[in-house]
Chemist: 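Please see the structure below; I have some questions.
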Amino acid sequence: MKKRSHISILSAVLVASVALTGCAGGNSSAGGNNASGGSSTPPAQTQPSTSGSSGGTAAPANGGVIKIATQTPLSGNQSSLGDAIKTGAEYALNKRKEEFKALGFDIQLFPQDDQADPKIGVSNAEMLISDPDVYGVVGHLNSGVAIPSSVKYEEGKLVMVSPANTAVKLTEEGKKTVHRICARDDAQGPKAAMYAKNTLGVKTAFIIHDKTAYGQGLGDQVKMQFEKDGVQLLGYEGITQGEKDYSAVLNQVTAKNPDIIFFGGLYPEGGILVKQAREKGYKGYFMGGDGLDSSDMIKIAGPAVEGVVFTSVAGDVTQTEEGKKWADEYKKTTNKPLETYSVYGYDSMNVILNGVLEAIKANGGNKPTREQVLDSVHKTKDFQGQFTKVTFDDKGDNTNADVFIYKYDKDKSNFVGKAQ
């Protein structure tokens, strides 16, 4: 593909440098769904780590096994987005298997189910850093899981590239291992608030958040921008994830009747909130962040989803002809719906794979160290992914990250444009 021509050139150089090392063995990934979208396997942490071929019968690659993990919720009520990231990453890795095989390496996917739980994320991270064949992590979905897990990645010098974590704190703690290709809350929140004021024309607002690092962090940023722009804040309340009745907070909303409810949180609670708000007669705008970006939002909210506006740090890959072609191939190959974060999982994986290739080259065609891969990924500059260009600053933030606006109709979310 034209966008990855520099990787093809690199691969050619590497093939020449390791021409005498022979070919790799099997082609299947070490867990997760197969390339054609077959049935799911159990969570990867229950599967034994292997140091040979993941196919079971073919010989291992001469250069050895290199595993790239994913850490996202693959079970529970946030699994829709978690699986989209994992599937996008898997799709990228499967497309590059032969490239690594020609260099003598068996590249494998190693998906982990963090269940959107910080304790499980940390436990998984400890397991990952103890496995010497693991060279990178695509993840997480939840900032509240990524932040404590990143402490372990730092200990193990294991590079992480996130497609979705937006909490400002993640890259402000000075960890070299932490990277993200998406925008931060201090970009998303203000742009959401400015869109609400300047485009939707709101003058009063009620903010609800889910008390998580992501949800409250986003809510705080929106609150600050509303106050700066003169939008009157009529309420700022937290809810508990997993509850099914939010009458207490929604009774406050309906009594004050704001022009907009802004929700900092995810689609399982967001869908319930907008549904119950409409049932109570609320007719104003309902807006949130990228946590509302899931096809399951429609299933949960029902007809109330129509008109819901959300910002996202992930853009719509189908806005170009090349992107539409990629999306069609993705859905055909994986047999799964295209979620917004599918392509960000794909791009995050390719950033890591590019770093691994650069590290192999720097190591004379031999299996690199984690530190070499980390250093290579950290130096990523002007890497053109399928959707986003990636250049990491010293903190690990992508200098090319943007914020986008979407709006639901009764059947799907529709791309509105880049937030200004």
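Note that the coordinates shown come from a computational prediction; the quantities given were computed from them, not determined experimentally. Every heavy atom of this structure was used, including side-chain atoms; hydrogens, water molecules and symmetry mates were not.
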Chemist: Is a side-chain donor or acceptor of Asp409 paired with a backbone partner of Lys412 at a separation under 3.5 angstrom?
Modeler: yes
Chemist: Is it the case that the side chain of Arg180 and the backbone of Asn165 share a donor-acceptor pair, with hydrogens and angles ignored and the cut-off at 3.5 Å?
Modeler: yes
Chemist: On the ring face of Phe110, is Lys67 found with NZ or CZ under 6.0 Å from the centre and within 45° of the axis?
Modeler: yes
Chemist: After noting the C-alpha distance and the side-chain angles of Asn77 and Glu269, does the key distance pass the side-chain contact (heavy atoms from CB on, under 4.5 Å) rule?
Modeler: CA-CA 10 Å; Asn77 63 5; Glu269 291 73 35; 4.2 Å; yes
Chemist: Look at the side chain of Asp185 and the backbone N and O of Gly217, then say whether any donor-acceptor pair between them is shorter than 3.5 Å.
Modeler: no
Chemist: Do Tyr236 and Phe206 make the cut of ring centroids closer than 6.0 angstrom?
Modeler: no
Chemist: Go through the structure and list residues passing ring-ring contact (aromatic ring centres under 6.0 Å, His included) with Tyr344, not counting sequence neighbours.
Modeler: Phe387
Chemist: So, using ring-ring contact (aromatic ring centres under 6.0 Å, His included) as the criterion, who are the partners of Phe392 when residues are at least two apart?
Modeler: His179
Chemist: For Ala69 versus Val134, what's the shortest heavy-atom pair and its separation?
Modeler: CB-CG1, 4.4 Å
Chemist: According to ring-ring contact (aromatic ring centres under 6.0 Å, His included), does anything in residues 245-264 pair up with another residue at least two apart or in another chain? List the pairs.
Modeler: none
Chemist: Keeping Ser143 on the side-chain end and Ala167 on the backbone end, is there a donor-acceptor pair under 3.5 Å?
Modeler: yes
Chemist: Can you tell me how far the CG atom of Asp397 sits from the OG1 atom of Thr391, to the nearest 0.5 Å?
Modeler: 12.5 Å
Chemist: Using ring-ring contact (aromatic ring centres under 6.0 Å, His included) as the criterion, list what pairs up with Tyr282, not counting sequence neighbours.
Modeler: none
Chemist: State, yes or no, whether a side-chain contact exists between Asp347 and Pro163 at a heavy-atom distance under 4.5 Å.
Modeler: no
Chemist: With sequence neighbours excluded, give me every salt bridge (charged side-chain N to carboxylate O under 4.0 Å, His left out) pair touching residues 273-282.
Modeler: Lys275-Glu279
Chemist: Return yes when atom NZ of Lys157 has more than 12 non-hydrogen atoms of other residues, nucleotides or ligands closer than 6.0 Å, and no otherwise.
Modeler: no
Chemist: List the steps and the verdict of salt bridge (charged side-chain N to carboxylate O under 4.0 Å, His left out) for Lys410 and Glu306.
Modeler: CA-CA 5 Å; Lys410 62 181 180 180; Glu306 189 166 7; over 6 Å; no
Chemist: Of all residues at least two apart in sequence or in a different chain, which pass the ring-ring contact (aromatic ring centres under 6.0 Å, His included) check with Phe226?
Modeler: none
Chemist: Please report the interatomic distance CG(Leu128) to CD(Gln71), rounded to the nearest 0.5 Å.
Modeler: 5.5 Å
Chemist: Look at the side chain of Glu358 and the backbone N and O of Val373, then say whether any donor-acceptor pair between them is shorter than 3.5 Å.
Modeler: no
Chemist: Does a salt bridge link Glu126 with Lys152, judged by any charged N lying under 4.0 Å from a carboxylate O?
Modeler: yes
Chemist: State whether Lys197 and Asp229 are salt-bridged, where the test is any N-O pair (Lys NZ or Arg NE/NH1/NH2 against Asp/Glu carboxylate O) under 4.0 Å.
Modeler: no
Chemist: Hey, mind stepping through Lys325 and Glu322 against salt bridge (charged side-chain N to carboxylate O under 4.0 Å, His left out) and telling me if it holds?
Modeler: CA-CA 5 Å; Lys325 181 179 178 182; Glu322 181 185 355; over 6 Å; no
Chemist: Whether the side chain of Ser150 engages the backbone of Ile147 through a donor-acceptor N/O pair (distance < 3.5 Å, no angle test) should be reported.
Modeler: yes
Chemist: Anything under 30° is parallel, anything over 60° is perpendicular, the rest tilted; go ahead and classify Phe415 against Tyr406.
Modeler: perpendicular
Chemist: Tell me whether Lys169 at atom NZ has more than 12 heavy atoms from other residues, nucleotides or ligands lying less than 6.0 Å away.
Modeler: no
Chemist: Would you give the length of the straight line joining atom CZ of Phe404 to atom CD of Gln188, rounded to the nearest 0.5 angstrom?
Modeler: 11.0 Å
Chemist: Under 3.5 Å, is there a donor-acceptor pair linking the side chains of Asn142 and Gln78?
Modeler: yes
Chemist: Nearest 0.5 Å, what's the CE-OG distance between Met297 and Ser80?
Modeler: 12.0 Å
Chemist: When you measure from the side chain of Gln276 to the backbone of Leu273, do you find a donor-acceptor pair of N or O atoms at a distance under 3.5 Å?
Modeler: no
Chemist: Could you tell me whether the side chain of Ser79 and the main chain of Pro73 form a donor-acceptor pair under 3.5 Å?
Modeler: no
Chemist: List the steps and the verdict of side-chain contact (heavy atoms from CB on, under 4.5 Å) for Tyr285 and Val308.
Modeler: CA-CA 7 Å; Tyr285 291 108; Val308 171; over 6 Å; no
Chemist: Could you go through Lys395 and Asp393, starting from their C-alpha distance and side-chain angles, then the distance that decides it, and tell me whether this counts as salt bridge (charged side-chain N to carboxylate O under 4.0 Å, His left out)?
Modeler: CA-CA 5 Å; Lys395 295 178 181 178; Asp393 63 16; over 6 Å; no
Chemist: May I ask you to check whether over 12 heavy atoms, not counting those of Lys367, lie within 6.0 Å of atom NZ?
Modeler: yes
Chemist: Between Ile181 and Ser348, does the side-chain contact (heavy atoms from CB on, under 4.5 Å) criterion hold? Intermediate values first, please.
Modeler: CA-CA 7 Å; Ile181 67 172; Ser348 294; 3.4 Å; yes
Chemist: Ignoring hydrogens and angles, tell me if any N or O in the side chain of Asn363 forms a donor-acceptor pair with the backbone of Ala359 under 3.5 Å.
Modeler: no
Chemist: Would Glu99 and Arg96 pass as an ion pair if we require N to O under 4.0 Å?
Modeler: yes
Chemist: Using 4.0 Å as the upper bound for N to carboxylate O, is an ion pair formed by Lys176 and Asp375?
Modeler: yes
Chemist: Can you tell me which residue among Thr87, Asp83, Thr72, Asp290 is in a side chain to side chain donor-acceptor pair (under 3.5 Å) with Tyr341?
Modeler: Asp290
Chemist: Could you give the distance from CG (Leu170) to OH (Tyr214), rounded to the nearest 0.5 Å?
Modeler: 14.0 Å
Chemist: Is Asp296 salt-bridged to Lys299, cutoff N-O under 4.0 Å?
Modeler: yes
Chemist: If you measure from OG1 on Thr318 to CG on Asp328, what distance do you get to the nearest 0.5 Å?
Modeler: 9.5 Å
Chemist: Using modelled atom types and a 3.5 Å cut-off, is there a donor and acceptor pairing between side-chain atoms of Ser376 and backbone atoms of Gly355?
Modeler: yes
